[in-house]
Participant: 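Right, I'll just put the structure down here and ask away after.
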Amino acid sequence: VTAHVNQLIASPGILQEVDMVGFPGGFSYGDDIAAGRILANQLKHRLLEPLKAAVARGVPMIGICNGFQVLVKLGLLPDPEAGRQTATLADNTSGRFIDRWVSLSAVADSVCIWTKGLQTFDLPIAHGEGRFVPESADALARLIANHQVALRYATSAPATFQGNPNGSVDDIAGVCDPSGLVLGLMPHPERHVHPTQHPHWTRRRDVAQMLTQTTAGLNFFQNAVEFVKSRQPAEAGTPLA
């Protein structure tokens, strides 16, 4: 189900019937003030409590690119109990919009349900404000201690597309909330759900075998679906995009 934010504002009870929520990428409100700021403010005043209630009953949520920016500025990530924004997605250190592929490493001890079983893999990015910055060194230490860092940009071999593209603190590409249910990340897993979407797929000698493999991007969503299926049928609802 795809629902416009105005539909949810008019009928917030919809969130009580869903199993999963996605905040997609895109330039919400044209990034007129800052990336994600206007939509986050709208959600804060109209839907924050229903969203928190959905997380409390075990609904996985994912914010990709602009969706990550929204969740951070809304305060659902990384610390929803703080009651305020505790991090930001700032301008890339290059000062430029970056559109390319990056290599990522999933953090093995993360509580994130979306990244279970993932190791090092490639995904595309496309953003101008993707530099993750916690409000303080203590805030970063808490994220690490609570195992909320879900993804880092791979900065060493054998990564295909090495390097931190935007200057994020501690090479962080994605974080989750303390429950592990809410994930925000700048790279786009939905843009690599089939092997042929990777730019190097024609260079592989084992193309036939590769085409039978599940991509890391698809694994994100499979993990979330498996989590939802593991819950009792009585809790099942309808996925919401």
Participant: What heavy-atom pair brings Pro195 and Gln213 nearest, and what distance separates the two atoms?
Facilitator: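 Nearest pair, atom of Pro195 first, then Gln213: CG-O, 3.6 Å.
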
Participant: Are any of the side-chain heavy atoms of Val111 and Cys176 separated by less than 4.5 Å?
Facilitator: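 Counting from C-beta outward, Val111 and Cys176 do come under 4.5 Å.
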
Participant: Going by the side-chain contact (heavy atoms from CB on, under 4.5 Å) test, name the single residue among Leu185, Asp99, Leu104, Ile98 that passes it with Ile125.
Facilitator: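 With Ile125 as partner, Leu185, Asp99, Leu104, Ile98 yield a single side-chain contact (heavy atoms from CB on, under 4.5 Å), made by Ile98.
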
Participant: Carefully, step by step, assess Ser103 and Asp122 under the rule side-chain contact (heavy atoms from CB on, under 4.5 Å).
Facilitator: CA-CA 4 Å; Ser103 290; Asp122 303 330; 2.6 Å; yes

Participant: Once you round to the nearest 0.5 Å, how far does CD of Glu81 lie from OG1 of Thr86?
Facilitator: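 Going from the CD atom of Glu81 to the OG1 atom of Thr86 covers 11.5 Å.
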
Participant: Okay, side chain of Lys116, backbone of Ser110: is any donor-acceptor separation there less than 3.5 Å?
Facilitator: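 Checked: pair present.
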
Participant: Looking only at side-chain N and O atoms, does Ser179 offer a donor or acceptor that is under 3.5 Å from a partner on Asp177?
Facilitator: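 Yes, side-chain donor-acceptor contact under 3.5 Å.
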
Participant: So, do Thr196 and Leu211 sit near enough that their side-chain heavy atoms are less than 4.5 Å apart?
Facilitator: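 Yes, side chains in contact.
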
Participant: Side-chain contact, heavy-atom cut-off 4.5 Å: Pro187 with Leu151?
Facilitator: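 No, side chains not in contact.
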
Participant: Do His194 and Leu218 have side-chain heavy atoms sitting under 4.5 Å apart?
Facilitator: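 Sidechains of Leu218 and His194: no contact.
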
Participant: I would like to know whether Ser168 and Asn166 meet side-chain hydrogen bond (donor to acceptor under 3.5 Å, both in side chains); could you show each step before the answer?
Facilitator: CA-CA 6 Å; Ser168 287; Asn166 49 42; 2.7 Å; yes

Participant: What residue among Val193, Ile64, Leu123 forms side-chain contact (heavy atoms from CB on, under 4.5 Å) with Phe220?
Facilitator: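 Result: among Val193, Ile64, Leu123, Leu123 is the only option passing the side-chain contact (heavy atoms from CB on, under 4.5 Å) with Phe220.
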
Participant: Just how far is it from atom CG of Leu143 to atom CG of Leu77, taken to the nearest 0.5 Å?
Facilitator: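 Leu143 CG to Leu77 CG: 9.5 Å, rounded to 0.5 Å.
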
Participant: CZ of Arg152 to CG of Asn164: how many Å apart, nearest 0.5 Å?
Facilitator: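 Taking CZ in Arg152 and CG in Asn164, the distance rounds to 11.0 Å.
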
Participant: For the pair Arg204 (side chain) and Gln209 (backbone), establish whether a donor and an acceptor sit closer than 3.5 Å, ignoring hydrogens and angles.
Facilitator: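 Flag not set: sc Arg204 to bb Gln209 has no pair under 3.5 Å.
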
Participant: Would you please test Thr160 and Trp101 for side-chain contact (heavy atoms from CB on, under 4.5 Å) and show each step?
Facilitator: CA-CA 9 Å; Thr160 308; Trp101 283 69; over 6 Å; no

Participant: Partners of Asp31 by side-chain contact (heavy atoms from CB on, under 4.5 Å), sequence neighbours excluded?
Facilitator: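 If we apply the side-chain contact (heavy atoms from CB on, under 4.5 Å) test to Asp31, skipping adjacent residues, the hits are Phe27, Ala35, Asn66.
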
Participant: Is there side-chain contact between Phe132 and Asp170, with at least one heavy-atom pair below 4.5 Å?
Facilitator: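 Answer no - side chains too far apart.
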
Participant: For the hydrophobic clusters of this structure (ILVMFWY residues joined by side-chain heavy atoms under 4.5 Å, transitively), does one cluster hold both Phe161 and Met186?
Facilitator: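 Different hydrophobic clusters.
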
Participant: What distance do His127 atom NE2 and Asn92 atom CG have between them, rounded to the nearest 0.5 Å?
Facilitator: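 It comes to 4.5 Å.
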
Participant: Can you check side-chain contact (heavy atoms from CB on, under 4.5 Å) on Arg37 and Gln69, steps first, answer last?
Facilitator: CA-CA 8 Å; Arg37 172 63 65 189; Gln69 296 161 341; over 6 Å; no

Participant: How far apart are the closest heavy atoms of Phe97 and Ala126, and which atoms are they?
Facilitator: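 Looks like CZ-C, 3.5 Å.
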
Participant: To check you understand the geometry: which heavy-atom pair defines the closest contact between Gln162 and Ala157, and what is its length?
Facilitator: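 Answer, listing the atom of Gln162 first, then Ala157: NE2-N, 3.4 Å.
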
Participant: Measure the spacing between NE2 of His4 and CD1 of Ile9 and express it to the nearest 0.5 Å.
Facilitator: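 It comes to 9.0 Å.
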
Participant: Any donor-acceptor pair under 3.5 Å linking the side chain of Trp114 with the backbone of Leu181?
Facilitator: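 Yes.
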
Participant: Pair Arg131, Thr88 - check side-chain contact (heavy atoms from CB on, under 4.5 Å), show working.
Facilitator: CA-CA 8 Å; Arg131 177 164 54 96; Thr88 194; over 6 Å; no

Participant: Do the two ring centres, one from His198 and one from Phe121, sit under 6.0 Å apart?
Facilitator: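 No, the ring of His198 stays outside the 6.0 Å limit from the ring of Phe121, centre to centre.
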
Participant: I need the minimum non-hydrogen distance between Asp32 and Ile38, along with the two atoms involved.
Facilitator: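 Reported closest heavy-atom pair: CB-CD1, 4.3 Å.
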
Participant: Are any non-hydrogen side-chain atoms of Asp79 and Asn146 less than 4.5 angstrom apart?
Facilitator: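 No, every pair of side-chain atoms sits at 4.5 Å or beyond.
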
Participant: For Phe227 and Pro60, work out which heavy atoms get closest and say how close.
Facilitator: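 It is CD2-CG, 3.7 Å.
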
Participant: Over all heavy atoms of both residues, which pair between Gly25 and Cys65 is shortest? Give the atoms and the distance, please.
Facilitator: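 So the two residues come closest at CA-CB, 4.2 Å.
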
Participant: If the condition is side-chain hydrogen bond (donor to acceptor under 3.5 Å, both in side chains), which residues does Glu129 pass it with, not counting sequence neighbours?
Facilitator: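 Partners of Glu129 under the side-chain hydrogen bond (donor to acceptor under 3.5 Å, both in side chains) test: none.
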
Participant: What about Val55 and Val225, same hydrophobic cluster or not, with Ile/Leu/Val/Met/Phe/Trp/Tyr joined at side-chain heavy-atom distances under 4.5 Å?
Facilitator: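 Yes; tracing contacts between hydrophobic side chains, which count when under 4.5 Å, links both residues.
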
Participant: For Arg205, is the CZ atom crowded, meaning more than 12 foreign heavy atoms sit under 6.0 Å from it?
Facilitator: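 For Arg205, atom CZ is not crowded (no more than 12 foreign heavy atoms under 6.0 Å).
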
Participant: Using distance only, find each side-chain donor-acceptor pair of residues 42-51 under 3.5 Å and give its atom names and separation, not counting sequence neighbours.
Facilitator:
residue	atom	partner	partner atom	Å
Gln42	OE1	Tyr29	OH	2.8
His45	NE2	Asn41	OD1	3.4

Participant: State, without any angle test, whether Asn219 and Gln222 hold a side-chain donor-acceptor pair at a distance under 3.5 Å.
Facilitator: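 Present: a donor and an acceptor within the cut-off.
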
Participant: With rounding to the nearest 0.5 angstrom, report the CE to CZ distance, Met210 to Arg203.
Facilitator: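 Here the rounded value is 12.5 Å.
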
Participant: Atom CD of residue position Gln119 - does it have more than 12 heavy atoms of other residues, nucleotides or ligands inside 6.0 Å?
Facilitator: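 No - once you tally the heavy atoms of other residues, nucleotides and ligands closer than 6.0 Å, there are 12 at most.
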
